Amino acid sequence: MTTPELPTQYIPAEVEAPSYERWVSKGYFVADPGSSREPYCIVLPPPNVTGVLHMGHALDHSIMDALTRRARMQGKETLWLPGMDHAGIATQNVVERELAKDGLSRHDLGREAFVERVWQWKAESGGKIQGQMRRLGDGVDWTRDRFTMDEGLSRAVQTIFKKLFDDGLIYRAERIINWCVRCHTALSDIEVEHTDDEGELVSIRYGSGDVSIVVATTRAETMLGDTAVAVHPSDERYRHLIGQEVELPLTGRRIPIVADEHVDPAFGTGAVKVTPAHDPNDFEIGRRHSLPSLTIMDERGVITAHGPFEGLDRFEARPAVVAALRAEGRIVAEKRPYVHAVGHCSRCKTVVEPRLSLQWFVNVGPLAKAAGDAVRDGRTRIHPPELAKRYFDWVDDMHDWCISRQLWWGHRIPVWYGPNGEVVCVGPDEQPPAGYVQDPDVLDTWFSSGLWPFSTLGWPERTADLERFYPTSVLVTGYDILFFWVARMMMFGLYAMDGQPPFRVVALHGMVRDQYGKKMSKSFGNVVDPLDWIDRFGADATRFTLLRGANPGADVAVSEEWAAGSRNFCNKIWNATRFALMNGAAVGSLEGLELTAADRWILSRLQSVIAAADAAFEEFEFAKACDLLYHFAWDEVCDWYLELAKVQLSQGLDHTRLVLGHVLEALLRLLHPLVPFVTEELWRAVTGGESVVIAPWPVADQRYADPAAEAEIAALQELVTEIRRFRSDQGLKPSQKVAARLAMSGTAVAGHETAIRSLLRLETPGEGFTPTARLVVGGVTVEIDTAGAIDVAAERKRLEKDLAAARKEAAQVAAKLGNEQFMAKAPADVVAKVKARAEQAAADIARLEGQLAELAGRE
RNA sequence: GGGCGGUUAGCUCAGCGGUAGAGCACUCGCCUUACAAGCGAGGGGUCACUGGUUCGAACCCAGUACCGCCCA
């Protein structure tokens with residue numbers, strides 16, 4: 001094999017794009033549902049069509065790519081299915097902003113033209129993230145790329161809507177929903193973000209004289225819509241008032257005082273104002289007591305009617321109402337600032353307004369129960385298991401899901417209304433009766449996203465993909481999406497697929513944070529762009545940095561320094577392989593070779609590392625897998641085996657090339673799922689093969705397990721390290737050769753004199769050899785002529801330090817052995833270990849004391 | 001207010017009953033012919049606090065303090 005010319009540094013930019021294009025054009029990532037291999041499938045959580053790649057995606061994608069690349073190498077029929085969702089509100093907002101530049105609104109265009117315009121935007125500007133996924137190296141099957149608004153997926157939406165409707169699980173009702181006064185649409189509970197905001201708590205006296213009561217509120221303006229005051233039935237303070245009416249200030253209306261179990265007597269005055277049209281709890285109270293609902297705001301959050309307040313925005317109305325009440329002497333107390341939780345639109349951050357409105361809902365009761373049961377009975381496993389509780393908390397107490405949105409971009413609700421109030425739900429191949437009018441609203445984006453694990457595989461058709469790849473193997477996502485999306489997919493998957501859950505495992509990871517563990521945010525200025533890292537450090541380094549921090553379910557802190565460290569690691573592998581190739585490393589059979597202890601050691605270690613890496617991958621312990629491979633590659637292969645191999649090669653042990661090739665080739669395969677680009681380049685150079693993407697995953701071969709060789713090399717390492725320490729203490733430069741006499745017959749390292757002399761730059765003593773120092777390590781005596789005056793002080797310092805440590809150890813261990821309880825109750829193996837430590841410590845003490853005495857004699 | 005998680009080296013995190021670890025940062029010495037994106041050596045921790053269980057606790061239990069997240 002010819003040795004390719006590799007530059008002395010790994011330059012990611014030169015290999016990444018060509019490798020990726022080759023992978024795709026070779027069709028490595030295209031799954032075949034007709035194969036007989038075991039299926040392995042992951043659906044990509046679809047990013048927004050408006051989205052761009054951020055660190056959270058980079059982590060999520062790195063994990064999925066690692067899992068699917070390994071599965072592919074394991075010989076599984078592997079499908080990683082990509083796609084995007086249509087992001088109703090976000091996308092509509094983007095296009096509306098574009099129109100606004102020309103002074104237009106969507107209403108100027110009309111619905112049809114507007115939707116056409118959105119499709120046009122998608123074609124021109126949407127899906128930037130897909131190009132960015134290629135930069136990261138995502139091995140997705142682009143031939144199966146899906147979009148939630150595609151025809152097939154839209155058909156799935158209509159199909160399941162009809163099925164749910166016919167089963168009575170979708171209904172239309174007037175309820176309090178979360179309303180965004182800016183987006184002019186309803187939102188589901190999960191599209192509302194709660195933050196602790198500063199507001200005010202105002203206590204207002206309703207009524208007068210004997211019939212008067214004080215209520216407290218953070219939203220004083222809503223008092224205009226109050227239709228009752230509620231107190232707890234057993235609250236002695238107010239019992240006499242229950243059933244009476246009280247005068248509502250500013251309005252002249254009289255409202256009843258009702259008793260309701262849900263009032264908390266301990267909160268505030270124990271009396272609450274009831275505004276059924278503008279508060280979900282009040283709505284429930286209103287229902288229980290048949291109270292009227294008075295809507296006092298329009299869809300923009302502007303007060304309607306009510307004299308002087310008419311036309312005021314809700315936030316203008318608040319102080320105006322308080323001022324008017326104060327003028328009437330109604331304000332009993334005011335607390336400002338008063339910090340309380342306020343809901344905001346997750347899309348535009350506007351304060352959400354609870355609003356009474358006619359909307360479509362999913363009755364989630366039976367669906368959520370099934371979603372919980374699938375995890376409870378183990379059909380779907382949540383990993384790490386601690387997070388399952390959060391899932392249960394959510395699905396076991398889920399409110400009905402408001403699915404209608406007052407938008408134009410999305411799947412239009414397939415319900416048509418007849419002239420006499422008829423309501424017809426229309427399936428995919430059905431026609432509405434003539435003269436019927438379709439509901440103007442569209443469905444929540446999460447409604448179609450909830451179908452993702454099966455709609456993308458062809459449902460409702462029983463396609464080959466669906467048969468083969470459903471249920472999918474693993475869902476990888478952040479724990480923050482557990483409720484948003486996972487629960488929805490579980491509900492719909494179980495419902496549509498006859499009780500088969502959409503995933504066997506849900507593997508959750510955390511958020512990516514900055515180097516101080518702070519959340520990345522634009523306002524804080526600590527956002528890192530993964531593409532910037534890919535440009536500067538390479539895709540592999542970016543991925544490795546994220547994966548190396550990815551402990552299951554835990555957040556990942558990253559910084560530029562760590563990315564540089566990962567780049568250095570890639571470079572290390574690069575140079576190790578370069579060295580091996582320069583020395584003729586090759587892949588071939590190891591049968592019949594006369595392996596040295598060093599060979600047997602590294603081969604033995606390789607088997608342990610394969611087994612450990614496998615175990616880590618199986619449990620989604622990516623940080624562990626990275627750490628393991630990092631240390632094996634750097635500390636064992638590069639630092640020790642390569643140095644020992646140099647010695648072997650110089651001794652003419654040509655088989656070393658095969659061992660080098662074998663170990664590196666396996667290491668590159670092990671690393672490939674984590675750092676695909678550099679491993680591809682090097683693996684091809686080492687093997688001359690087509691691609692590591694389709695190479696088999698390493699399997700540990702216990703025939704190579706060799707504890708004796710491991711012990712032998714450990715002894716060698718101890719000796720070498722100890723003498724290096726001496727050299728360093730004595731100020732001997734690494735390159736400086738010194739004469740030394742080694743007495744090591746009968747020790748574990750007896751056969752390694754050449755390697756020891758080479759690694760330590762120790763020359764064979766010549767005529768008139770006069771050692772200036774004598775060291776004893778593990779039974780080996782090393783006499784060295786330091787070629788000058790020995791630094792006795794440095795040597796004494798080191799020996800004394802070691803002696804102190806040995807004495808401390810001896811004392812600790814002696815205390816244990818002298819403890820009757822310990823001797824009686826501790827397990828035998830522990831006692832044996834402690835005894836061994838005691839013997840070692842005693843030997844160390846004797847040796848060190850001897851060396852110190854010898855040193856004293858020379859002063 | 002309810003629930004969950006965390007508190008281990010300067011920073012970020014592993015370890016989860018039997019001799020305190022990693023990466024980065026730091027100190028010293030080296031352009032030793034794969035790699036200075038490197039090599040060798042080294043310093044650094046009463047494992048938040050208080051009790052308890054145990055022969056033995058960073059690890060198990062209880063409580064406290066602080067931090068974070070989710071839900072209301």
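No experiment lies behind these values; they were computed from the predicted model shown. Chain letters run A, B, ... following the sequence lines, proteins first, then strands; residues in each count from 1.
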Base, sugar-phosphate or nothing for A:Ala564? Non-hydrogen atoms, less than 4.0 Å. nothing

side-chain N/O A:Asn568 vs B:rG38 OP1/OP2, d < 4.0 Å: yes

Lys/Arg-Asp/Glu bridge criterion (N-O < 4.0 Å) met for A:Arg837, A:Glu809: yes

Please work out if A:Glu561 contacts a base, only the sugar-phosphate, or nothing of the nucleic acid, heavy-atom cut-off 4.0 Å. sugar-phosphate

The answer to which of A:Val720 and A:Tyr479 contacts RNA chain B further toward the 5' end, by nearest nucleotide, is A:Val720

Expressed as a whole number of Å, how far does the P atom of B:rC59 sit from that of B:rG18? 11 Å

Nucleotide nearest A:Lys733 when distance is taken to its side chain, options B:rC55, B:rG23, B:rC30: B:rC30

Would you mind telling me which of B:rC55, B:rC24, B:rU32 lies closest to the side-chain atoms of A:Ser735? B:rU32

So which nucleotide from B:rU19, B:rC55, B:rG29 ends up closest to the side chain of A:Pro734? B:rG29

Side-chain H-bond candidate by donor/acceptor type, A:Gln9 with A:Asn575, under 3.5 Å: no

Could you tell me the separation between the CG atom of A:Leu667 and the P atom of B:rA34, rounded to a whole number of Å? 19 Å

Is there a side-chain contact between A:Trp634 and the phosphate of B:rC39, meaning an N or O under 4.0 Å from OP1 or OP2? yes

Between P of B:rG23 and CZ of A:Phe544, the distance in whole Å: 12 Å

Distance between C1' atoms of B:rA36 and B:rC31 (Å, rounded): 7 Å

I'd like the C1' distance from B:rG40 over to B:rC4, given in whole Å. 47 Å

Which whole number of Å gives the distance between the C1' atom of B:rC49 and that of B:rG10? 22 Å

For atom P, what is the distance between B:rA20 and B:rG29, given to the nearest Å? 32 Å

When both distances are under 3.5 Å in a Watson-Crick or G-U wobble arrangement, the nucleotide paired with B:rU53 is none

Examine the side chains of A:Thr222 and A:Lys273 and answer whether a donor and an acceptor come within less than 3.5 Å of each other. yes

With the threshold set at 4.0 Å, does a side-chain nitrogen-carboxylate oxygen contact exist between A:Arg725 and A:Asp802? yes

Regarding A:Tyr516, tell me which of base, sugar-phosphate or nothing describes its non-hydrogen contacts under 4.0 Å with the strands shown. sugar-phosphate

Given atom CD of A:Glu621 and atom P of B:rC16, what is their separation to the nearest angstrom? 10 Å

From CD of A:Glu795 across to C1' of B:rA41 the rounded distance in Å is 14 Å

Hey, mind stepping through A:Lys389 and A:Asp393 against salt bridge (Lys or Arg N to Asp or Glu O under 4.0 Å) and telling me if it holds? CA-CA 6 Å; A:Lys389 193 181 180 311; A:Asp393 286 349; 3.4 Å; yes

For the side chain of A:Arg724 and the base of B:rA41, is some donor closer than 3.5 Å to an acceptor across the two? no

In Watson-Crick or G-U wobble terms, with both distances under 3.5 Å, the base opposite B:rU33 is none

Could you tell me whether the side chains of A:Tyr630 and A:Asp635 share a donor-acceptor contact shorter than 3.5 Å? no

Between B:rU27 and B:rU33 - C1' atom distance, rounded Å: 29 Å

Name the nucleic acid region contacted by A:Cys638, choosing base, sugar-phosphate or nothing; use a 4.0 angstrom heavy-atom cut-off, strictly under. base

Between A:Arg536 and A:Glu560 (salt bridge meaning N to carboxylate O under 4.0 Å), is one present in this structure? yes

So which nucleotide from B:rA41, B:rA37, B:rU32 ends up closest to the side chain of A:Asn571? B:rA37

Looking at B:rG17, which nucleotide sits across from it as a Watson-Crick or G-U wobble partner, both distances under 3.5 angstrom, or is there none? none

Can you tell which of B:rU12, B:rC55, B:rA34 lies closest to the side chain of A:Phe579? B:rA34

What distance do A:Glu353 atom CD and A:Asp279 atom CG have between them, rounded to the nearest 0.5 Å? 10.0 Å

What contact category does A:Gln9 fall into here, base, sugar-phosphate, or nothing, at under 4.0 angstrom with non-hydrogen atoms? base

Is a salt bridge present between A:Arg798 and A:Glu722, judged by a nitrogen-to-oxygen distance below 4.0 Å? yes

A:Met520 has an atom CE; how far is it from atom P of B:rU12, in whole Å? 14 Å

Which one, B:rG3, B:rA41, B:rA34, comes nearest to the side chain of A:Thr721? B:rA41

Ordered by number, residues from residues 639-651 of chain A within less than 4.0 Å of RNA chain B (heavy atoms) are A:Asp639, A:Leu642, A:Glu643, A:Lys646

Would you call A:Arg605-A:Glu636 a salt bridge at under 4.0 Å N-O? yes

Taking for each residue the nucleotide of RNA chain B bearing the nearest heavy atom, is the 5' side occupied by A:Val830 or by A:Val558? A:Val558

With a 3.5 Å limit on both atom pairs, tell me what B:rU27 is paired to, counting Watson-Crick and G-U wobble, or say none. B:rA41

Provide the distance between the two C1' atoms, one in B:rC47 and one in B:rU19, to the nearest whole Å. 15 Å

Determine whether the side chains of A:Glu665 and A:Trp683 contain a donor N or O and an acceptor N or O closer than 3.5 Å. yes

Over how many whole Å does the gap from A:Lys825 atom NZ to B:rA57 atom P extend? 14 Å

Could A:Asp844 and A:Arg847 be called an ion pair, given the rule that one side-chain N must be under 4.0 Å from one carboxylate O? yes

For B:rA22, what is the paired nucleotide under Watson-Crick or G-U wobble rules, both distances under 3.5 Å? B:rU12

Give me the distance, rounded to whole Å, that separates B:rG23 from B:rU8 when you measure between the C1' atoms they each carry. 15 Å

Using a strict 4.0 Å threshold on nitrogen-to-oxygen distance, state whether A:Glu284 and A:Arg175 make a salt bridge. no

Less than 4.0 angstrom between a side-chain N/O of A:Lys572 and OP1 or OP2 of B:rC39, yes or no? yes

A:Asp393 CG to B:rG5 P, in whole Å, measures 11 Å

In terms of side-chain heavy atoms of A:Asn575, which of B:rA34, B:rG3, B:rU19 is nearest? B:rA34

Would you list the protein and nucleotides 70-72 of chain B atom pairs, both N or O, that sit under 3.5 Å from each other?
none

What is the base-pairing partner of B:rU7, counting Watson-Crick and G-U wobble geometry with both distances under 3.5 Å? B:rA65

Could you please name the option among B:rG3, B:rG18, B:rC11 that lies closest to any side-chain atom of A:Trp562? B:rC11

Among the candidates B:rU32, B:rA41, B:rU19, find the nucleotide nearest to the side-chain atoms of A:Arg725. B:rA41

Counting only side-chain nitrogens and oxygens, does A:Asn551 get under 4.0 Å of the OP1 or OP2 atom of B:rA14? yes

Mind checking A:Arg548 for me? I need base, sugar-phosphate or nothing, with any heavy atom below 4.0 Å counting as a touch. sugar-phosphate

Applying side-chain contact (heavy atoms from CB on, under 4.5 Å), run through A:Thr542 and A:Asp540 and close with a yes or a no. CA-CA 5 Å; A:Thr542 303; A:Asp540 288 334; over 6 Å; no

